[in-house]
Structure formats: structure tokens, C-alpha cells
Enquirer: 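Shown below is the structure under consideration.
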Amino acid sequence: MAALSKASRVVVKIGSALLVDRAAGHLRAEWLEGLCDDVARLRARGVDVVLVSSGSIALGRGTLNLPQGALTLEQSQAAAAVGQIRLAGAYQAALAARGLTAAQVLLTLEDSADRRRYLNTRATLEQLLRLGAVPIVNENDTVATDEIRYGDNDRLAAQVAVTAGADQLILLSDVDGFYSGNPGLDAAARRFDRVDAITPEIEAMAGDPLSGLSKGGMKTKLMAARAAMAAGCDMAITQGDVLRPIAALEAGANATWFTAQGTPQQRRKAWIGAMKPKGRLVIDAGAQRAIHGGSSLLPAGVTGVSGAFRRGDAIEIIGEAGETLGLGLTRYDAADAGRIKGLRSDVIEDVLGYPARAALIHRDDMAF
């Protein structure tokens with residue numbers, strides 16, 4: 001099984017049923033304090049942590065005295081607007097008490113479906129983690145409509161794990177793993193300790209949500225597992241309603257681990273390498289040596305630009321002799337790349353008229 005102690009970047013998904021007392025509609029403050037103790041423990045040993053947290057609508061519903069049962073879109077958005085403030089404030093206070101900085105990141109499905117937005121999200125998360133912050137991610141329920149929604153935070157958490165390049169994703173749930181059937185209805189249902197591949201037989205075992213407050217069931221958790229595993233990220237489903245759920249997982253609490261093949265970096269490189277290029281960059285010998293040594297491709301090393309590409313598109317990297325060196329996701333469109341080729345990074349802003357990115361292609365976005 002995967003060992004949490006080996007993780008360098010972890011995404012933790014928290015469901016509404018864990019964070020909000022469903023009867024009273026208020027935050028379970030003691031549970032949140034325990035979770036933040038776990039986060040502080042991970043951060044103390046150098047692990048990057050991203051939290052994907054449900055709860056804004058549930059908190060806002062209670063504050064606004066909205067009725068139980070299904071809400072209209074407008075009611076959900078109003079509840080989210082109220083609940084997001086309370087949720088962010090609670091995380092900020094609990095993490096600050098442990099010397100940590102919280103950052104709120106609100107996303108919709110469009111932010112991962114559009115490659116430019118995806119790159120923006122990836123860059124923002126990377127910078128926040130580099131600065132030592134703990135991003136708190138939630139779906140932007142105040143503006144999301146059905147056609148641009150994830151619909152559940154299991155899949156959102158998987159997408160965040162993929163975007164952030166996490167090596168482990170933990171779904172804190174109201175059940176302690178993946179079962180062959182609904183353990184609340186089937187006494188013979190057995191829990192899997194490990195799943196190496198999501199087969200049709202495994203898919204057939206997934207049932208409906210067990211919690212009236214959570215939207216996700218095992219079907220959505222399997223969808224999350226499939227996305228995470230494909231990106232080189234291990235995923236665990238474990239019981240979350242104990243006061244120190246991550247510490248409990250490390251101590252051997254029941255869980256199902258979905259194991260990935262390869263690392264996030266390897267799978268990302270393979271994904272980029274399979275893309276169809278939209279243009280070409282010709283680079284000089286110095287830039288070629290630099291990128292093969294693990295550096296990003298800077299505009300100063302580019303001697304030629306061709307194609308009609310947009311920011312986020314895959315483009316070929318061509319050496320001086322005309323050989324294809326690899327592919328990369330460009331941080332500039334074709335017009336701007338042509339304007340800054342051959343220039344030092346410190347003059348790019350003067351040429352383009354806006355704050356510039358130092359790299360034309362970041363080293364994490366290259367596949368040789």
C-alpha cells in the first residue's frame with residue numbers, strides 16, 4: 001500500500017458531512033481544529049498540503065435558515081456566498097493559530113477544461129505552495145451553473161491533485177474505504193485494502209451516496225480515483241469523522257488505497273508528449289544545453305518562432321540542426337513569442353507592456 005510518509009505533496013478532500021453538523025447547520029469546530037493539527041504536522045516535515053473543502057452551502061443554508069431538502073440554483077448560490085466567508089474565516093483562524101497561512105482558491109469546471117485557465121490555476125497553486133501557504137479550494141458555487149460545475153468535490157479534488165502535481169490524494173469520507181457493496185445494507189460487503197486497476201467489476205460495486213449531506217457517492221470516488229491514478233497520484237478513501245483523521249490514517253486506520261503507476265511527473269510528461277503540436281520554436285545551442293540540464297526555456301535562447309499557437313498549446317522545440325528535441329506547453333501565444341525571442345527576461349515587460357513570465361516554456365511543461 002502507499003505510504004503517506006513518503007508523500008511530498010498531498011491533496012485532502014473534506015466532505016460537508018464531516019465539517020458541518022447536519023442537524024444544527026453549524027461548523028464542527030473541534031473536528032476542524034484536529035484536521036488543522038494534522039495539516040501543521042505535515043507542513044512541519046516539509047509536505048505541501050492543499051485542502052479541497054466542501055461546506056460553504058451547508059454553512060450558508062443554516063445561517064440563512066433555508067429549508068431542508070433540495071435548493072434552487074439561486075438559493076444554493078446565495079447560501080454559498082454566505083457560507084464561503086464563514087468557511088474561509090474558520091480555516092484562516094485555525095491555521096493561523098498554528099503559524100500557517102490560508103489561501104482561498106475558487107474554481108469551476110471551466111478552469112480545468114480550458115488549457116489557459118488550467119495553466120493559470122497550476123501556476124497559482126505552485127506559487128502559493130512555494131510561499132508556504134495552504135490553499136483551501138472549493139467549487140465557486142456563487143457563480144457556477146450546471147453546465148460549468150464539477151457537481152461534487154471528489155472529482156474536483158482529483159482535478160486539483162492532477163493540476164497541482166500531487167503524489168497523493170486523500171478523500172476523507174463517511175465510510176472507511178471502498179466496499180464490494182453498501183456496508184450499511186449488505187453484511188457480507190468487504191472492504192478492499194488496495195485497488196491497482198479500476199475494472200468493470202470494481203465499477204459495478206459502486207453504489208449511491210450514503211450521506212444525505214454529501215453529494216458524492218462511490219461512483220464519483222471511482223471517477224476521482226481513475227483521474228488521479230492516470231496522473232501518477234495515489235488515492236485513499238478513509239473514515240474522516242475522527243478528530244485527527246490524517247494522523248489516524250498514518251497510524252494504520254482502515255482505508256482503501258488506489259495505487260498509481262508511475263509518478264505525477266512521468267505521467268504529465270507522457271501526456272504532453274502525446275499532444276499534437278500547434279507550432280515550433282527553434283533554439284540555440286546554449287538553450288539546448290540548458291533545457292537538457294533541467295532548466296526552463298527562456299526567450300533569450302529562442303531564434304525562431306512559427307505556427308499559430310495560443311498560450312497553453314503544445315509546440316515543438318527544434319534544435320539548431322533542425323532536429324526535434326521535444327514538446328512543451330507555451331506560456332505565450334505566437335505573436336508575443338515572436339516579439340520576445342532572443343530577449344533577456346528583464347526587458348520582456350518593456351516590450352510587451354505587461355508583467356512578463358520569465359520562461360517561455362517552464363521545465364515542468366516539457367517532454368523530451
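Keep in mind that this is a model prediction, so the values were computed, not measured.
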Enquirer: Determine, for D193 against R191, whether the closest basic-nitrogen to carboxylate-oxygen distance falls under 4.0 angstrom.
Expert: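 Salt bridge between D193 and R191, a charged N being under 4.0 Å from a carboxylate O: yes.
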Enquirer: Enter the distance from L27:CG to Y91:OH here, rounded to the nearest 0.5 Å.
Expert: 8.0 Å
Enquirer: Just by distance, do the side chain of K269 and the backbone of M366 share a donor-acceptor pair under 3.5 Å?
Expert: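 Checking the backbone N and O of M366 against the side chain of K269, a donor-acceptor pair under 3.5 Å is found.
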Enquirer: Can you list the steps and then say if D364 with R122 is a side-chain contact (heavy atoms from CB on, under 4.5 Å)?
Expert: CA-CA 11 Å; D364 292 342; R122 180 179 175 86; 4.0 Å; yes
Enquirer: Is the side chain of R98 donor-acceptor paired with the backbone N or O of E33 at a distance under 3.5 Å, no angle test?
Expert: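 Checking the backbone N and O of E33 against the side chain of R98, a donor-acceptor pair under 3.5 Å is found.
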Enquirer: Are any of the side-chain nitrogens in D336 or R339 under 4.0 Å away from the carboxylate oxygens of its partner?
Expert: yes
Enquirer: Hey, are the side chains of L171 and L169 touching, using non-hydrogen atoms and a 4.5 Å cut-off?
Expert: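 A side-chain contact under 4.5 Å exists here.
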Enquirer: Does Y332 offer a backbone N or O that forms a donor-acceptor pair with the side chain of T330 under 3.5 Å?
Expert: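 Pair found, side chain donor or acceptor close to backbone of Y332.
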Enquirer: Assess, by modelled atom type and distance only, whether the side chains of R363 and S295 contain a donor and an acceptor separated by less than 3.5 Å.
Expert: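 The criterion, which ignores hydrogens and geometry beyond distance, is not satisfied for S295 and R363.
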Enquirer: Are Y354 and L343 co-members of a hydrophobic cluster defined by side-chain heavy atoms under 4.5 Å apart?
Expert: yes
Enquirer: Strictly distance-based, threshold 3.5 Å: is any side-chain N or O of W31 a donor or acceptor partner for the main-chain N or O of V20?
Expert: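 No, because the side chain of W31 does not come within donor-acceptor range (under 3.5 Å) of the backbone of V20.
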Enquirer: Distance-only, no hydrogens or angles: does the T324 side chain make a donor-acceptor pair with backbone N or O of I318 under 3.5 Å?
Expert: no
Enquirer: Kindly confirm or rule out a cation-pi arrangement of R194 over F192, judged by NZ or CZ under 6.0 Å from the six-membered ring centre and within 45° of its axis?
Expert: no
Enquirer: Can you hop from L298 to L327 via hydrophobic side chains spaced under 4.5 Å?
Expert: no
Enquirer: Could you check L329, I361, V305 and say which one makes a side-chain contact (heavy atoms from CB on, under 4.5 Å) with I315?
Expert: I361
Enquirer: Check the pair D333, R310 against salt bridge (charged side-chain N to carboxylate O under 4.0 Å, His left out), reporting the backbone distance first and the verdict last.
Expert: CA-CA 4 Å; D333 62 25; R310 301 186 305 164; over 6 Å; no
Enquirer: Would one find more than 12 heavy atoms of other residues, nucleotides or ligands at under 6.0 Å from atom CD1 of I85?
Expert: no
Enquirer: Using a strict threshold of under 4.0 Å (side-chain N to carboxylate O), is an ion pair present between R268 and D365?
Expert: yes
Enquirer: Taking the basic N atoms (NZ, or NE/NH1/NH2) and the acidic carboxylate oxygens, is any pair closer than 4.0 Å for D21 and R28?
Expert: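 Answer for the salt bridge query: no.
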Enquirer: Report the distance from atom CG of L19 to atom NE2 of H26, rounding to the nearest 0.5 Å.
Expert: 12.0 Å
Enquirer: Any donor and acceptor pair, going by atom type alone, linking the side chain of S173 with main-chain N or O of I237 inside 3.5 Å?
Expert: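 Answer holds: no.
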Enquirer: Scan side-chain atoms only and decide if T259 and D196 contain a donor-acceptor pair under the 3.5 Å cut-off.
Expert: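 Result is yes, a qualifying pair exists.
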Enquirer: Can you hop from V160 to F258 via hydrophobic side chains spaced under 4.5 Å?
Expert: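 Both belong to a single hydrophobic cluster.
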Enquirer: Quick check on side-chain contact (heavy atoms from CB on, under 4.5 Å): which of T238, L172, L18 does P245 satisfy it with?
Expert: L172
Enquirer: SG/C36 to CZ/R43 distance, rounded to the nearest 0.5 angstrom?
Expert: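 C36 SG to R43 CZ: 13.0 Å, rounded to 0.5 Å.
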Enquirer: Treating Q127 as the side-chain partner and T124 as the backbone partner, does any N or O pair qualify as donor plus acceptor under 3.5 Å?
Expert: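 Not a single qualifying donor-acceptor pair exists.
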Enquirer: Is the shortest side-chain N to carboxylate O distance from R344 to E349 below 4.0 Å?
Expert: no
Enquirer: Donor-acceptor pair, distance only, cut-off 3.5 Å: does the side chain of E323 make one with the backbone of A321?
Expert: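 Indeed, once roles are kept as given, a pair shorter than 3.5 Å links the two residues.
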Enquirer: Taking the side chain as C-beta and beyond, is there a heavy-atom pair between S180 and R190 under 4.5 Å?
Expert: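 Counting from C-beta outward, S180 and R190 do come under 4.5 Å.
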Enquirer: For the residue pair Y118 and V162, what are the closest heavy atoms and their distance?
Expert: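 Taking Y118 first and V162 second, the nearest heavy atoms are OH-O, 4.4 Å.
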Enquirer: Rounded at 0.5 Å granularity, tell me how far CZ in R61 sits from OG in S16.
Expert: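 The distance works out to 10.0 Å.
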Enquirer: Salt bridge or not for R9 and D167, using N-O below 4.0 Å?
Expert: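 No, R9 and D167 are not salt-bridged.
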Enquirer: Which heavy atom of P299 sits nearest a heavy atom of I340, and at what distance?
Expert: CB-O, 3.3 Å
Enquirer: Drop me the distance from T163's OG1 to N120's CG, to the nearest 0.5 angstrom.
Expert: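 Spacing of OG1 (T163) from CG (N120) equals 11.5 Å.
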Enquirer: Counting C-beta onward and ignoring hydrogens, is there a side-chain heavy-atom pair between T199 and I202 closer than 4.5 Å?
Expert: yes
Enquirer: Mind checking the CZ-OG spacing from R45 to S8? Nearest 0.5 Å is all I need.
Expert: 11.5 Å
Enquirer: Please determine whether side-chain contact (heavy atoms from CB on, under 4.5 Å) holds for the pair R244 and R41, giving the CA-CA distance in whole Å, both sets of side-chain angles, and the decisive distance to 0.1 Å.
Expert: CA-CA 11 Å; R244 296 285 302 277; R41 184 165 173 261; 3.8 Å; yes
Enquirer: Keeping S296 on the side-chain end and H362 on the backbone end, is there a donor-acceptor pair under 3.5 Å?
Expert: no
Enquirer: Distance-only, no hydrogens or angles: does the N153 side chain make a donor-acceptor pair with backbone N or O of L156 under 3.5 Å?
Expert: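 Looks like no, no N/O pair under 3.5 Å.
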Enquirer: Using 4.0 Å as the upper bound for N to carboxylate O, is an ion pair formed by E203 and K219?
Expert: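 Salt bridge flag = no for E203 with K219.
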